[in-house]
Amino acid sequence: MLIIGLTGSIATGKSTVSSILSSPPYSLPIIDADILARKVVEPGTAGYKAIVNYFGPSTPDLLLDDVPNLSPHGKPLNRPALGRRVFGDTEERKRDRQVLNRIIHPAVRWEVYKSLIYHYLRGQWAIVLDVPLLFESGMDLICGTVIVVGVRDPAVQMARLRARDAHLTAEDAENRVRSQGDVRTKAAQAEFRGTANARGVVVWNDADKVELEGAVKGAMSSIAASSPRWWAWALLIAPPVGMGVAAWNLVVNFATQKGWEKRKREEKAKL
Ligand SMILES: CC(C)(COP(=O)(O)OP(=O)(O)OC[C@H]1O[C@@H](n2cnc3c(N)ncnc32)[C@H](O)[C@@H]1O)[C@@H](O)C(=O)NCCC(=O)NCCS
Ligand SMILES: Nc1ncnc2c1ncn2[C@@H]1O[C@H](COP(=O)(O)OP(=O)(O)OP(=O)(O)O)[C@@H](O)[C@H]1O
């Protein structure tokens, strides 16, 4: 089964692309890390308890008061309030973001693995792993290919974010954008994986949605050419071969990650 990592930065169009990929003619199953990240912090979960313990004492509005159908396990998290604690580039925000990531990411990773096994056993030829922090969390390691959805013009990104999330103030929106890496760097990282064999593909999304559909079509043609359906079936029918290919994929991705880190270090040293 081909794991297609889908990433980008805030409001660059990942969800729009994942909804294209989940519809015909692609009809691919999607594992959405943002949805899983919500599931693992529902009242009663270990994630919820850890967040309330750490952030509760210093965040008076951490929990929502007026909610219908209150869970017996407690009041749900006030996500915008938690967002104000963790988004931004001050040292305090960065530290709090790290704490939140350390609570949520292992739980999300576990849910992703469970979901991958389920889809593998159902004989899917490919699956989309929609993870905003794919590179940062190291989950690109398990992906056969990575699609980065990018916007070249930061003003377009900000305008789409403000239009979609009208409840955010300009400052909140800026903080959210600054909390994620520059999407052009992510695009370069995808290209570093190799565009010729479609291990890394960039879909630019500065124009309208019709153009985006065309760009997705082009990306999927090159991915399908590099990893045909019969190959996924062959790996399913012969599990030892499947395991061998998966292990080889991990080795290649690990070497690519190290190569990318080395390049970044060299670039930094030149400055
Ligand atoms: C802080 C929270 C509660 C704010 O929730 P809210 O509903 O207001 O925003 P939402 O979840 O829709 O996120 C908005 C944007 O910020 C991005 N984002 C979320 N968490 C992070 C993070 N830790 N670092 C950088 N960007 C992030 C999202 O991918 C999205 O693009 C929430 O984002 C969260 O729980 N984040 C930590 C979990 C996480 O890292 N999720 C990303 C996928 S694993
Ligand atoms: N090509 C486009 N033209 C116009 N609007 C677009 C285009 N692509 C996406 N949008 C709009 O921009 C907003 C952000 O897109 P989307 O929600 O897909 O981004 P995202 O990367 O998934 O964001 P997040 O990381 O915050 O979840 C949405 O309102 C979407 O409808």
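Note that ligands are numbered from 1 as they come in the structure, with each ligand's atoms numbered from 1 the same way. Count residues from 1 along the sequence. Any value given below was found using the heavy atoms of this structure, including those in side chains, with hydrogens, waters and symmetry copies removed.
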Can you find a pair of side-chain heavy atoms, one from Asn78 and one from Leu62, that are under 4.5 Å apart? no

For atom 31 (O) of ligand 2, find the nearest protein heavy atom and state the residue, atom name and distance (0.1 Å precision). Lys209 NZ, 2.9 Å

For ligand 2 and Leu212, I'd like to know whether there is a polar contact (N/O to N/O, distance under 3.5 Å). no

Give me the nearest non-hydrogen protein atom to atom 35 (O) of ligand 1 as residue plus atom name, then the distance to 0.1 Å. Ile104 CD1, 3.5 Å

Expected output: side-chain Thr7 to main-chain Val131 donor-acceptor under 3.5 Å: yes

Among all protein heavy atoms, pick the one closest to atom 2 (C) of ligand 2 and tell me residue, atom and distance. Arg160 NH2, 3.3 Å

Could you walk me through whether Trp125 and Leu28 satisfy the side-chain contact (heavy atoms from CB on, under 4.5 Å) test, starting with their C-alpha distance in whole Å, then the side-chain angles of each, then the deciding distance to 0.1 Å, before giving a yes or no? CA-CA 9 Å; Trp125 82 275; Leu28 292 173; 3.8 Å; yes

Considering non-hydrogen atoms of the protein only, which is the closest contact for atom 13 (O) of ligand 1, and what is the distance? Arg176 NH1, 4.1 Å

Enumerate the atoms of ligand 1 whose separation from the nearest heavy atom of Pro132 is less than 4.0 angstrom. 29 (O), 43 (C)

Under 4.0 Å from a heavy atom of Ile10: which atoms of ligand 2 are those, numbered in the order shown and with their elements? 25 (O), 26 (O)

Between Leu36 and ligand 1, which part of the residue brings a heavy atom under 4.0 Å of the ligand: side chain, backbone, both or neither? neither

Give the intermediate values and the outcome of side-chain hydrogen bond (donor to acceptor under 3.5 Å, both in side chains) for residues Ser58 and Arg85. CA-CA 10 Å; Ser58 49; Arg85 283 292 307 268; 2.8 Å; yes

Looking at Glu136 and Lys186, is there a salt bridge between them, counting it only when a charged N and a carboxylate O are closer than 4.0 Å? yes

How far is atom 25 (C) of ligand 1 from the closest protein heavy atom, and which atom is that? Ser179 O, 3.5 Å

In terms of residue, atom name and distance, what is the protein heavy atom nearest to atom 3 (C) of ligand 1? Leu82 CD2, 3.8 Å

Touching ligand 1 at all, Arg85? Heavy atoms, strictly under 4.0 Å? no

What protein heavy atom sits nearest atom 15 (C) of ligand 1, and how far away is it? Ile10 CD1, 3.4 Å

May I ask you to check whether over 12 heavy atoms, not counting those of Lys114, lie within 6.0 Å of atom NZ? yes

Can you tell me if His105 has a non-hydrogen atom under 4.0 Å from ligand 1? yes

Give the cluster check for Ile127 versus Val108: same hydrophobic cluster or not, with ILVMFWY residues linked at side-chain heavy-atom distances below 4.5 Å. yes

List the closest protein heavy-atom neighbour of atom 8 (N) of ligand 2: residue, atom name, distance to the nearest 0.1 Å. Asn205 ND2, 3.0 Å

Heavy-atom proximity to atom 23 (N) of ligand 1, best of Asp32, Asn101, Val86, Asp96: Asn101

Closest to atom 28 (C) of ligand 2 among Lys14, Gln157, Glu213, Arg164 (heavy-atom distance): Arg164

Do Glu91 and Lys94 sit within salt-bridge range, that is, some charged N less than 4.0 Å from a carboxylate O? yes

Among all protein non-hydrogen atoms, which one is nearest to atom 11 (O) of ligand 1, and what is the separation to 0.1 Å? Arg79 NH2, 3.1 Å

Protein heavy-atom partner closest to atom 18 (N) of ligand 1 - residue, atom, separation in Å: Gln180 NE2, 3.6 Å

With the threshold set at under 4.0 angstrom, would you say Ser9 reaches ligand 2 through any of its heavy atoms? yes

Judged by non-hydrogen atoms, does Ser19 sit under 4.0 Å from ligand 2? no

What protein heavy atom sits nearest atom 19 (O) of ligand 2, and how far away is it? Gly13 N, 3.1 Å

Salt bridge or not between Glu266 and Lys262? Use side-chain N to carboxylate O under 4.0 Å. yes

Does Glu267 CD have over 12 foreign heavy atoms under 6.0 Å away? yes

Return yes when Gly8 approaches ligand 2 closer than 4.0 angstrom through a heavy atom, no otherwise. no

The answer for which part of Leu100 has a heavy atom under 4.0 Å from ligand 1 is side chain

Any donor-acceptor pair under 3.5 Å from Arg193 side chain to Arg199 backbone: yes

With clusters defined by side-chain heavy atoms of hydrophobic residues (ILVMFWY) lying less than 4.5 Å apart, directly or transitively, does Met243 cluster with Val252? no

Atom 42 (C) of ligand 1 [closest protein heavy-atom partner, distance rounded to 0.1 Å]: Asp34 OD1, 3.6 Å

Would you tell me which option among Leu6, Thr16, Val183 has the nearest heavy-atom contact to atom 9 (C) of ligand 2? Thr16

Determine whether Phe135 and Thr185 satisfy the following criterion, side-chain contact (heavy atoms from CB on, under 4.5 Å), listing intermediate values before the conclusion. CA-CA 11 Å; Phe135 289 126; Thr185 309; over 6 Å; no

Around atom OH of Tyr26, are there more than 12 heavy atoms from other residues, nucleotides or ligands closer than 6.0 Å? yes

Please could you name the atoms of ligand 2 that Ala207 approaches to less than 4.0 Å, counting only its heavy atoms? 1 (N), 2 (C), 3 (N)

If you count every heavy atom of other residues, nucleotides or ligands that lies below 6.0 Å from Tyr113 atom OH, does the total exceed 12? yes

